Q: 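My structure is below; once you've seen it, I'll send some questions.
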2 protein chains.
Amino acid sequence: MDDQAGTDRRPPSRRIADDLRTSIQSDELAPGAKLPSERELAAQYGTARNTAREAISILQGEGLVVAQHGRGVFVRPRTPLMRLGANRYSRRLRSETGLSPFRIEVTKQGRTPKTECRSVTRDKPPADVADRLGLDPNTATVIRRENWYFADDEPVQVGVTYIPVDVAGDSPLASERTLGKGSIYARFEDLGYRITRIREEISARMPYHEEFTGLSMPPGVPVIEVLHTSFDDKHKPFEVTRFVMRGDLNGLDYEMPVED
Amino acid sequence: MDDQAGTDRRPPSRRIADDLRTSIQSDELAPGAKLPSERELAAQYGTARNTAREAISILQGEGLVVAQHGRGVFVRPRTPLMRLGANRYSRRLRSETGLSPFRIEVTKQGRTPKTECRSVTRDKPPADVADRLGLDPNTATVIRRENWYFADDEPVQVGVTYIPVDVAGDSPLASERTLGKGSIYARFEDLGYRITRIREEISARMPYHEEFTGLSMPPGVPVIEVLHTSFDDKHKPFEVTRFVMRGDLNGLDYEMPVED
DNA sequence: GGAAGCAACTGGCTTGAGCCAGTTGACTGG
DNA sequence: CCAGTCAACTGGCTCAAGCCAGTTGCTTCC
């Protein structure tokens, strides 16, 4: 029925990958479905097992399938994305629900949210962070707070917050791991910094090796990196956070006015 | 000097990959530098060529290196990102410069911008688009405009715009490939739709196979997908555009007020 | 001087073999 | 009934060999 191999200029591994991709995209192989085993594919196409394996690794790189040692290769199920927006910083939302938008989003999906502050240290700021805070990257010191976000004990994002020492002073922000009711932005308000504008710089890339293991990421899944800056009512930047989120679980959702 | 292979529980391919990754991250192998050839690596580590090859393919999947047939494997040079923000839609910017933010960004990088409208058709809207426009996905018809954006003749992003037929009417938007001065948003204003708010839903993923070839993407590079909705002064959505951008060349940059 | 040819390099892809390590379910013995 | 065992499956990883196809620079010949 199909082209004979002689007519086909694609290498066999590509051909197998293309066939499987087509099956996946036509829902013939639905999300969660099990692919034929490497040995089956090899026999089916009359190739060596390594060639079938290569085909699967192509699809893995495209994020279409995940392999499970001893079990098989499966079409990657598409989980709904968590949609985080600027309302993350809304005071009203914070006080009304008492919950952070992250917790709301996770519970909405029927999963259990958890956040954990891993460390609070004093450090030199990275160059890009120093720039956003208007600090000298060589001499300045900042408070560095590392936060991890989980859904059902699975890590889904990390946020590292940098606060100039003269902003944090000796408030809880400078040393306490737990910040109490209303979380971090309530503590900033205690200090007189009320968030009125934000800037978010977004990029996408493959995870660094540490992120790959730390966020236990499936292969073929990128991360979204958000460099967030908070401004107070005098347009002074008082905090920068770098979020790194699993791209298969998170998305962003902004609604905003268009300046004339 | 290093651990002997006996002490090391990592498979050889991982070990090679880890070593190379370390060299890259320490700038010992700077961006653009050439890695040792597969055959060299194999000899150096006393493994088969396939094993060295596997190591390189790991780094390729992480987006750290790119292979060039016949030339070698190179550390991927990190090009500066184009930063697109909400000012894309600013009227003032549009009229002052007469240039789209895309053109400004590209020329700022010393490259030559080009945009091209590939097609203007009438179609059924995709489900998510229909939802954003408040249309019935089964019965509605929309104008579909497909735009490609280039820098130095290299494609860097695609935008597919969907316009309800009753918005476009028989204006140029419904049929003309070239829209004249001030581009698409000027034409919407001609029809009485003035953009006052936007919503942007952002996600990151590996490119589909067509995107991979169409955008001539390097391996190990994700795309950023932006589903953009424009609202007029009556809060009616009058246009949705799905942007797909190369993640290694593009980023987003939003600054916005925080709603109370 | 210039073009053609060629050798020596590069990665791309495949073969078929082998061993290791998780997973699963059926079969066994208490 | 339960627990343990074990065989048969899965993918993970490697080897050694081979051929193909781009790239580069040198050499040769006109």
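Keep in mind it's a predicted model, so treat the numbers as computed, not measured. Note on naming: letters A, B, ... go to the chains in the order of the sequence lines (proteins, then strands), and numbering restarts at 1 for each one.
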Q: Show every salt bridge (charged side-chain N to carboxylate O under 4.0 Å, His left out) that has at least one partner inside residues 50-73 of chain B, sequence neighbours left out.
A: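 Every pair satisfying salt bridge (charged side-chain N to carboxylate O under 4.0 Å, His left out) with a residue in residues 50-73 of chain B: B:Arg21-B:Glu62, B:Glu38-B:Arg53.
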
Q: Round to a whole Å and report the spacing from CG of A:Asn50 to C1' of D:dC13.
A: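 Answer to the nearest Å: 9 Å.
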
Q: Got a sec? Which of residues 51-61 of chain A come in under 4.0 Å of DNA chain D, heavy atoms?
A: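 A:Arg53, in order of number.
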
Q: Please list every donor-acceptor pair under 3.5 Å in which a side-chain atom of residues 24-31 of chain A meets a protein atom from a residue at least two apart or in another chain.
A:
residue	atom	partner	partner atom	Å
A:Ser26	OG	A:Thr22	O	3.2
A:Ser26	OG	A:Ser23	O	3.2
A:Ser26	OG	A:Glu28	N	3.4

Q: For A:Asp248, which residues count as a side-chain hydrogen bond (donor to acceptor under 3.5 Å, both in side chains) partner, sequence neighbours excluded?
A: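 If we apply the side-chain hydrogen bond (donor to acceptor under 3.5 Å, both in side chains) test to A:Asp248, skipping adjacent residues, the hits are A:Arg246.
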
Q: By side-chain hydrogen bond (donor to acceptor under 3.5 Å, both in side chains), which residues pair with A:Lys34, not counting sequence neighbours?
A: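 Once residues adjacent in sequence are excluded, A:Lys34 has no partner under the side-chain hydrogen bond (donor to acceptor under 3.5 Å, both in side chains) criterion.
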
Q: For B:Asp152 and B:Thr112, indicate whether the former's side chain and the latter's backbone hold a donor-acceptor pair under 3.5 Å.
A: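 Checking the backbone N and O of B:Thr112 against the side chain of B:Asp152, a donor-acceptor pair under 3.5 Å is found.
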
Q: Along DNA chain C, 5' to 3', what are the outermost nucleotides having an atom less than 4.0 Å from a heavy atom of chain A?
A: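 Endpoints of the contacted stretch of DNA chain C: C:dC13 to C:dT24.
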
Q: With A:Arg132, which residues qualify under side-chain hydrogen bond (donor to acceptor under 3.5 Å, both in side chains), at least two apart?
A: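 A:Arg132 satisfies side-chain hydrogen bond (donor to acceptor under 3.5 Å, both in side chains) with A:Glu201 only.
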
Q: Return the polar atom pairs (N/O with N/O) between nucleotides 4-8 of chain D and the protein under 3.5 Å, or none.
A:
none

Q: Should the pair A:His228 and A:Phe243 be assigned to parallel (<30°), tilted (30 to 60°) or perpendicular (>60°) ring geometry?
A: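 The rings of A:His228 and A:Phe243 stand perpendicular, inter-plane angle above 60°.
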
Q: Check whether any side-chain N or O of A:Arg145 sits under 3.5 Å from a backbone N or O of A:Tyr162 as a donor-acceptor pair, and report yes or no.
A: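 Side chain of A:Arg145 to backbone of A:Tyr162, a donor-acceptor pair under 3.5 Å: no, none is there.
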
Q: Mind jotting down which residue pairs meet the salt bridge (charged side-chain N to carboxylate O under 4.0 Å, His left out) criterion with at least one end in residues 213-222 of chain B? Sequence neighbours excluded, please.
A: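 Checked against salt bridge (charged side-chain N to carboxylate O under 4.0 Å, His left out) - neighbours excluded - no pair reaches residues 213-222 of chain B.
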
Q: Heavy atom of residues 62-72 of chain A under 4.0 Å from DNA chain C: which residues?
A: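 Listed by number, they are A:His69, A:Gly70, A:Arg71.
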
Q: More than 12 heavy atoms of other residues, nucleotides or ligands under 6.0 Å from CZ of A:Arg49: yes or no?
A: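 For A:Arg49, atom CZ is crowded (more than 12 foreign heavy atoms under 6.0 Å).
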
Q: Please name all residues satisfying side-chain hydrogen bond (donor to acceptor under 3.5 Å, both in side chains) with B:Thr241, sequence neighbours left out, ordered by chain then number.
A: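 Residues passing side-chain hydrogen bond (donor to acceptor under 3.5 Å, both in side chains) with B:Thr241: B:Thr161, B:Glu239.
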
Q: With sequence neighbours excluded, what pairs up with B:Met82 under the side chain to side chain contact (heavy atoms under 4.5 Å, CB included) test?
A: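 With sequence neighbours excluded, B:Met82 shows a side chain to side chain contact (heavy atoms under 4.5 Å, CB included) to B:Phe102, B:Glu105, B:Val106, B:Gln109, B:Val156, B:Asn250, given in chain and number order.
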
Q: Does B:Ile143 offer a backbone N or O that forms a donor-acceptor pair with the side chain of B:Arg122 under 3.5 Å?
A: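 The answer is no, because no donor-acceptor pair under 3.5 Å joins these two groups.
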
Q: How many Å lie between CD on A:Glu38 and C1' on D:dT14, as a whole number?
A: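 Spelled out: CD on A:Glu38 to C1' on D:dT14 is 14 Å.
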
